[in-house]
K.L.:
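A single structure is presented below for examination.
Please read all numbers here as calculations on a predicted model, not as lab measurements. Hydrogens, waters and symmetry mates are skipped; everything else that's a heavy atom, side chains included, is used. All ligand and atom numbering here is 1-based and tracks the order in the structure.
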Amino acid sequence: MKSKTRFDRRRFLELLSVAGVAVYLPGCGPDDGQPPNNPPASSKKALVLGGGLAGLTAAYDLSKQGWDVTVLEAQASAGGRVQTHRAFENGQYAELGATRIPDVHDLTIAYAEEFGLKLVEFQDGTPLYYLGGNRFVHAEGTPWPIDGLSAEEAMEGLGMWSTYIAANFEKFGNPRDGSFPLPGVVDQWDGKTMIDYLKDQGATDAFLPLYASDNGSEVHKIGALAWMALEVADQDWNLTYHVEGGNDLIVQKLLEKLDGKILFEKVVKSISQDDTKVTVTVDAKGTTETYEADYLVCAIPFPPLRDVTFSPALPDDKQKAIDELYMMTAARGTFQTKTRFWKNDPLGELGGLKLVKSDTRAERVWDLTNTQTGDTGILVAYTQNENADAFGAVPEAEREAFMQAEIAKFFPEIEAEKSSFHQKVWAQDPWVKGAWTAILPGQWWMMAVIPRVEGRIHFAGEHTSIWAGWMQGAIESGKRAASEILKKS
Ligand SMILES: Cc1cc2nc3c(=O)[nH]c(=O)nc-3n(C[C@H](O)[C@H](O)[C@H](O)COP(=O)(O)OP(=O)(O)OC[C@H]3O[C@@H](n4cnc5c(N)ncnc54)[C@H](O)[C@@H]3O)c2cc1C
């Protein structure tokens, strides 16, 4: 395994201070950062709102320090966007959300190690491309068969990452050492999407669908700054792992550690605070219940948080961030297949997690059985942005046929091969209303506001981390929020 770099709280604070902001603004809430009376260990109480990876991490860290912690979770189960679907034959399973663990995501890997979970590596293979109706595989050293590429793009293909992206890393700074974004970077790039950025570097129009087919169509919408922050932070990413048996085993292990501390089917409705405590009301299957504590970690994604009332009201900029933060849309249409027919493709043996990279509505097709045994296969059409919206707009009963028709454009075998189907449209999940945070052009100001402490209320969740859209971000944010509270006591 590669050596790993830790993005710790100190560096996070450096990042924010370089951005010219204070992490905690005295006077923006009723608490000045210190509790009036430091309670003895046994009486320190914290509430954690939301039982996703961020909330569970905060609860775990606080409980390890002797705090009396209660997690309030809206659903009947925990884990949020870490969901492993196990209703397939032959013991096979599919991730509906978090799938990949890059070898540079030290916090996610540390959980797997602490909990004794085995990490398995996704194996490389030859992907199929289906772009502009052209079905091909690419052999190293041969030109990419895409009309309109520049001479360099035709030779390098996706290797243009080095020229268009990596060559500029030093101009941006690095979130891991607190230097991102360097002076002038926000002025230059905050108004641009990642696709605008690529065009500015000289990418041709013909290159863009190739890039999106590898990275996901969200690159058409997400801001260049948010994308480049992660490119720089994870530039040493080499291997990609998965928890053997399913990534939700991390959640299950955390639940064991937090035995009895999680209350399910408690939908948070209001949060109030004064100079001595926080008070939360929940809707518990039609009954209103009230909980009190010294401090609170709010790990609810911002879209459902829009339905929660704060008293006193949050500062205007925080409320604006809650109201305007954009959740990228993503959806997955998953087929179990009778065989792994793509190993006998007319173009040769296909393989790898990213099995197909296309510009169809199916977008990218991933082979989730890449790390699983058995002869049957699991193919997931992993759609984002407009492709996810198009899939979500199809009536539920027609989605299987819709996705099958898209996949049939490059895999006509799908009709005869499929044995079952499952679908998940994240924008229609009421407890997140989207897939992950995407800081859009013009929204970089939110980076300092989103994680800011508001009195006794501390914020966690992937949306509060530079690793937005990753388990690493959820874990990093939960640890940060817990350490903020521990420092106050
Ligand atoms: C399609 C998809 C693909 C992904 N791929 C990867 C990947 O390959 N690798 C990776 O590392 N990460 C990936 N991620 C991202 C990763 O899953 C998330 O970053 C992470 O799980 C977010 O954790 P969280 O705790 O911040 O939020 P969540 O998991 O959303 O947890 C929030 C919790 O709050 C609860 N809640 C909401 N409203 C209320 C309320 N009013 N009251 C009480 N509780 C409430 C929810 O029920 C939920 O349990 C992916 C996500 C998606 C959707």
Side-chain angles (χ1 to χ4, degrees), residues 47-59 71-84 94-102 104-105 107-109 111-112 122 216 218 230 234 237 240-243 247-248 250-251 254 262-271 280-284 291 297-309 327-332 334 353-354 364 366 368 380-384 388 424-427 429-438 450 459-465 467-478 481:
L47 288 170
V48 175
L49 313 184
L53 210 42
L56 296 179
T57 296
V71 181
L72 301 171
E73 165 57 47
Q75 302 186 66
S77 59
R81 280 168 272 173
V82 184
Q83 278 188 35
T84 308
E95 299 296 349
L96 305 183
T99 306
R100 298 176 295 166
I101 304 175
V104 287
H105 284 189
L107 299 176
T108 316
I109 288 171
Y111 263 165
F122 284 113
E218 70 165 319
L230 275 171
D234 288 350
W237 179 359
T240 305
Y241 300 112
H242 180 73
V243 174
N247 284 339
D248 73 349
I250 295 177
V251 172
L254 277 166
I262 304 178
L263 304 181
F264 294 102
E265 297 182 294
K266 310 287 186 194
V267 179
V268 173
K269 302 305 265 185
S270 75
I271 301 170
V280 172
T281 64
V282 303
D283 176 353
Y291 296 84
V297 175
C298 180
I300 297 174
F302 277 4
L305 194 61
R306 288 168 199 152
D307 297 330
V308 175
T309 310
M327 297 298 278
M328 182 56 61
T329 52
R332 289 185 169 182
T334 306
L353 172 67
K354 293 180 179 178
R364 298 181 294 174
W366 287 10
L368 294 183
V380 56
Y382 179 9
T383 65
Q384 301 178 352
K424 174 79 183 176
V425 178
W426 282 96
D429 182 320
W431 306 115
V432 58
K433 297 182 182 170
W436 55 79
T437 297
I450 292 169
F459 288 83
E462 57 87 26
H463 51 288
T464 69
S465 170
W467 277 283
W470 291 96
M471 292 188 280
Q472 171 90 354
I475 299 168
E476 184 266 330
S477 73

K.L.:
Please determine whether a side-chain nitrogen of the Lys or Arg among Lys424 and Asp429 lies less than 4.0 Å from a carboxylate oxygen of the Asp or Glu.
P.N.:
yes

K.L.:
For Leu49, run the side-chain contact (heavy atoms from CB on, under 4.5 Å) check against Val71, Val268, Leu305 and tell me which one passes.
P.N.:
Val268

K.L.:
Distance alone, cut at 3.5 Å: any donor-acceptor contact between the side chains of Thr281 and Ser270?
P.N.:
yes

K.L.:
Check this for me: does any side-chain nitrogen of one of Glu95 and Arg332 sit under 4.0 Å from a carboxylate oxygen of the other?
P.N.:
no

K.L.:
Identify, for atom 23 (O) of ligand 1, the protein heavy atom at the shortest distance, and state residue, atom and that distance.
P.N.:
Ala474 CB, 3.4 Å

K.L.:
Mark up the atoms of ligand 1 that fall under 4.0 Å of a heavy atom belonging to Tyr382, in ascending order.
P.N.:
3 (C)

K.L.:
Have a look at Trp436, Trp431, Tyr241 and point out the one with the heavy atom closest to atom 2 (C) of ligand 1.
P.N.:
Trp436

K.L.:
Numbering the atoms of ligand 1 from 1, which are under 4.0 Å from a heavy atom of Arg100?
P.N.:
7 (C), 8 (O), 9 (N), 10 (C), 11 (O)

K.L.:
What is the ring orientation for His242 with Phe122, classed by angle as parallel under 30°, tilted 30 to 60°, or perpendicular over 60°?
P.N.:
tilted

K.L.:
Name the residue from Glu462, Glu218, His463 that meets the side-chain hydrogen bond (donor to acceptor under 3.5 Å, both in side chains) definition with Trp436.
P.N.:
Glu218

K.L.:
Assess His105 for proximity to ligand 1: is some non-hydrogen atom of it under 4.0 Å away?
P.N.:
no

K.L.:
May I ask which of Leu53, Val48, Val268, Leu49 has a heavy atom nearer to atom 41 (N) of ligand 1 than the others do?
P.N.:
Val268

K.L.:
Can you name the side-chain hydrogen bond (donor to acceptor under 3.5 Å, both in side chains) partners of Thr329, sequence neighbours left out?
P.N.:
Asp389

K.L.:
For Gly79 and ligand 1, answer yes if some heavy atom of the residue is under 4.0 Å from a ligand atom, otherwise no.
P.N.:
yes

K.L.:
Nearest to atom 29 (O) of ligand 1, what protein heavy atom do you find, and at what distance?
P.N.:
Arg81 N, 2.8 Å

K.L.:
Which atoms from ligand 1 have a heavy atom of Ala54 less than 4.0 Å away?
P.N.:
25 (O), 26 (O)

K.L.:
I'd like to check which ligand 1 atoms, numbered from 1 as shown, lie under 4.0 Å from a non-hydrogen atom of Arg332.
P.N.:
3 (C)

K.L.:
Heavy-atom contacts under 4.0 Å between Ala74 and ligand 1: side chain, backbone, both, or neither?
P.N.:
both

K.L.:
Applying a heavy-atom cut-off of 4.0 Å, say which part of Leu72 lies close to ligand 1: side chain, backbone, both or neither.
P.N.:
backbone

K.L.:
For atom 49 (O) of ligand 1, what's the nearest protein heavy-atom neighbour? Residue, atom name and distance, please.
P.N.:
Glu73 OE1, 2.7 Å

K.L.:
Please identify each residue that fulfils side-chain contact (heavy atoms from CB on, under 4.5 Å) with Asp307, with sequence neighbours left out.
P.N.:
Lys433

K.L.:
Does the residue Trp467 have a heavy-atom contact with ligand 1, meaning some pair of atoms that are separated by less than 4.0 Å?
P.N.:
no

K.L.:
Please verify whether a non-hydrogen atom of Leu96 lies at under 4.0 Å from ligand 1.
P.N.:
yes

K.L.:
Atoms of ligand 1 less than 4.0 Å from Gly52 heavy atoms?
P.N.:
25 (O), 29 (O), 31 (O), 33 (C), 49 (O)

K.L.:
Assess the pair Trp467 and Trp237: is the distance between their ring centroids shorter than 6.0 Å?
P.N.:
no

K.L.:
Quick one: look up the protein heavy atom nearest atom 21 (O) of ligand 1 and list residue, atom name and how far away it is.
P.N.:
Val82 CG2, 3.5 Å

K.L.:
Taking only heavy atoms of Lys266 into account, list the atoms of ligand 1 that are under 4.0 Å away from them.
P.N.:
42 (N), 43 (C)

K.L.:
My understanding is that we take every heavy atom of each candidate and find the minimum distance to atom 32 (C) of ligand 1. Doing that for Gly50, Gly80, Ala78, Pro301, which one comes out nearest?
P.N.:
Pro301

K.L.:
At less than 4.0 angstrom from any non-hydrogen atom of Thr99, what atoms of ligand 1 do you find?
P.N.:
5 (N), 6 (C), 7 (C), 8 (O), 9 (N)

